[in-house]
Amino acid sequence: MSEERSLNFLEQIIEEDLAKGANGGRVHTRFPPEPNGYLHIGHAKSICLNFGLAQKYNGQTNLRFDDTNPVTEDTEYVDSIKADIKWLGFEWANELYASDYFEQIYNFAVALIKKGLAYVDDSTAEEIAALKGTPTEPGKDSPYRNRGVEENLQLFEKMKNGEFKDGAKVLRAKVDMASPNMHMRDPIMYRIKHAHHHRTGDKWCIYPMYDFAHGQSDSIEHITHSICTLEFVPHRPLYDWFIEKLEIFPSHQYEFARLNLNYTVMSKRKLKQLVEEGFVRGWDDPRMPTISALRRRGFTPASIRTFCDRIGIQKRDNLIEVSLLEYFIREELNRTANRVMVVTDPVKLVITNYPEGQVEELQAENNPEDESAGTRILPFSNTLYIERDDFMENPPKKFFRLGPGNMVRLKYAYIIKCDSFDKDADGNITTIYCSYLPESRSGGDSSGLTVKGTIHWVSAAHAAKAEVRLYDRLFKVDDPNNEEGDFKSYINPDSLQVVENALIEPALASAKPGDRFQFLRKGYFCVDPDTTPEKLVLNRTVTLKDTWAKEAKKG
RNA sequence: UGUCCCAUAGUAUAAUGGUAGUACGACAGAUUUUGGUUCUGUUUGUCUAGGUUCGAAUCCUGGUGGGACAACCA
């Protein structure tokens, strides 16, 4: 904890401000989501940043919904966003909405009209676009640009009163149609939308644009450090222009690079397509990068916070490897998750010299990393199931598991030796016959033998069943955003593999949704909310590191 | 043929004019009743050309490369 960490560029700015005595030593940030979709891990980076900065400097963070577009927004999203932020472990100082300020923002608009800095434009969207110019050519003034103040005031009032149809008129700032910055070419401040708003209902039929609401909302809340992502850099001059002309509290905007993770997509638009076109089962499908999906998959708030902390804050574009996220969840779950034995692809194993019908109750430690986790009872008998790939008929030299004549230890139990096996007509192994060494029992081994491999197992008569959902990366390629053509053509068709009837040891059968386990030698798993009293469902959060899989791949 | 932002190992991130370091990954080894964990070691980097300076990843200039900006979206 006392680890020496250098400051990121935002912390440096804040510390300079604090040293100067700016804002009376106050630090106030905000997290400003639009309630039109679910939060994803990119938002988590922003949440950890905004709330983390305030915590570090004894400040506060507002949660402010940027709800200026009634046609795309909904309270469903408001609720999920709040739940996700709380789950991540943060508390906001105030729950606010840009729509709380509609009256005040309207008055700001009137003030600008009176100063001759805003005008009502009757042009169509197409006409405005045509005069806008391009990044390399200046725009041209609208024919309505020089309307008188009185006329503008009256027209704007009529817009507000619902006297015009959607799209008939807009209110624009009078800045500079020749500016090299497109955002300064008389940006639209207000548009007409006869639409029901999730909070203000039908009170308004004109709504401010993001550019005329966001900065002013920050200013109204006296936000000291308004932190957003890089794509808003060119908006900053406009943000500052409005604050200057309105003579209101000067919030300052600072921009950082958004998070990109490999093997996934992060834009709300693309995630929405995956949901709506059925490529995943919903916003919280554990293959999605949304917060709700990561939660369902079994990631912990701490692992996500640590990840966000360690990826750093910078202004350069980045594509972070998921293996880093996986490292942090493994690191936590290795310390905290109880071990259990589960066989997902079973093959029968009979111990021929173990008495038929005899059952031994073995002691198994729950977590070798945490003695306080205690032990549990594990039933052992002469008929077991082991993992199909723990046996090879013709094993290569480095294979430490079971094969004809080979010995392995059954975890927590005995050393066994493979004597023979049966195959069906297709050549699949159906039963493996072994003999055990009675003196090799775990905890009291006097056999003097050491074996290279230890495998997991379940007792056939005692095993229960569960559905196990194995997840892999959603995309086949590193960076689906930078591939030719439709990003959806790079979806990994094997990203979900459902094992309907995995065999689980009895102790796992009573697990409850949200419980996390390590399946010995397999990975970390979390009980899914689809679980019913009749059916246990588990999601694989992440595999264990598997050096054998790597070795096997080498051939 | 505009404006703005950015450039350090495979990835990410430090070094704030003075020894280029850390994490993840990869590779090799030790330990191990999880081919897990843990431990040890190895590998790989300042985009480029000039300039300033005793000294440049850092400051300046030019180039190169990447990104953003032309929704009545945010």
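Note on naming: letters A, B, ... go to the chains in the order of the sequence lines (proteins, then strands), and numbering restarts at 1 for each one.
When distances run from any side-chain atom of A:F399 to the nucleotides B:rU34, B:rG35, B:rC6, the shortest one goes to B:rG35. Nearest nucleotide to the side chain of A:D546, out of B:rA14, B:rG35, B:rU34: B:rG35. With distances taken from any side-chain atom of A:K411 to the nucleotides B:rU33, B:rU13, B:rU37, the minimum falls on B:rU33. Counting only heavy atoms from C-beta on, A:L520 has its side chain closest to B:rU34 among B:rA26, B:rU34, B:rU37.
A:D345 contributes no side-chain N or O that, together with a main-chain N or O of A:E387, makes up a donor-acceptor pair within less than 3.5 Å.
Between the side chain of A:E321 and the base of B:rG10 there is at least one donor-acceptor pair of N/O atoms closer than 3.5 Å. One donor-acceptor pair, N or O on each side, does fall under 3.5 Å between the base of B:rU33 and the side chain of A:R409. Contact annotation: side chain of A:T454 to base of B:rU34, donor-acceptor pair absent below 3.5 Å. Side-chain N/O atoms of A:E326 and base N/O atoms of B:rG25 include no donor-acceptor pair closer than 3.5 Å. The base of B:rU34 lies close enough to the side chain of A:R339 for a donor and an acceptor atom to sit less than 3.5 Å apart.
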I need a per-nucleotide contact map over nucleotides 67-74 of chain B, read 5' to 3'. Cutoff is protein heavy atoms under 4.0 Å; write B for the base, S for backbone only, - otherwise.
SSSB-BSB
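The distance between atom CD1 of A:I386 and atom C1' of B:rU33, rounded to the nearest whole Å, is 16 Å. The CZ atom of A:R335 sits 20 Å away from the P atom of B:rU34 (whole-angstrom rounding). Atom pair A:Y327:OH and B:rG36:P shows a separation of 15 Å (rounding to whole Å applied). In this entry the distance linking CE of A:M184 with P of B:rC4 reads 13 Å, nearest Å. Computed from coordinates, the A:K315 NZ to B:rC5 C1' distance equals 7 Å when rounded to whole Å. A straight line from CZ of A:R310 to P of B:rA14 spans 12 Å, rounded to a whole angstrom. Counting to the nearest Å, the P atom of B:rG29 and the NZ atom of A:K550 are 13 Å from each other.
The residue A:L319 sits close only to the backbone: its heavy atoms come under 4.0 Å of sugar-phosphate atoms, none of a base. Residue contacts for A:L324: at a heavy-atom cut-off of 4.0 Å it reaches the sugar-phosphate backbone alone, with no base atom in range. Contacts of A:F400 with the nucleic acid, taken as non-hydrogen atoms under 4.0 Å apart, include base atoms. Nucleic acid contact for A:G443: base, since at least one base atom lies under 4.0 Å from a heavy atom of the residue. At the heavy-atom level, A:L7 lies under 4.0 Å from base atoms of the strands shown. Across all strands shown, A:S442 has heavy atoms under 4.0 Å from base atoms, whether or not it also approaches the sugar-phosphate.
Looking at heavy atoms from C-beta onward, A:R473 lies in side-chain contact with A:V322 at the 4.5 angstrom threshold. Using a 4.5 Å heavy-atom cutoff, the side chains of A:L349 and A:W457 are not in contact.
Checked for salt-bridge contact, A:R30 and A:E221 miss the test: no charged N lies under 4.0 Å from a carboxylate O.
With the 3.5 Å cutoff on both pairing distances, Watson-Crick and G-U pairs in RNA chain B assemble into runs of at least 3 at B:2-7 with B:64-69, B:10-13 with B:21-24, B:26-30 with B:38-42, B:47-51 with B:59-63.
Both the sub-6.0 Å distance and the 45° axial angle are not jointly satisfied by A:K193 relative to the ring of A:Y207.
Between A:F156 and A:Y190, the gap from one ring centroid to the other is short of 6.0 Å.
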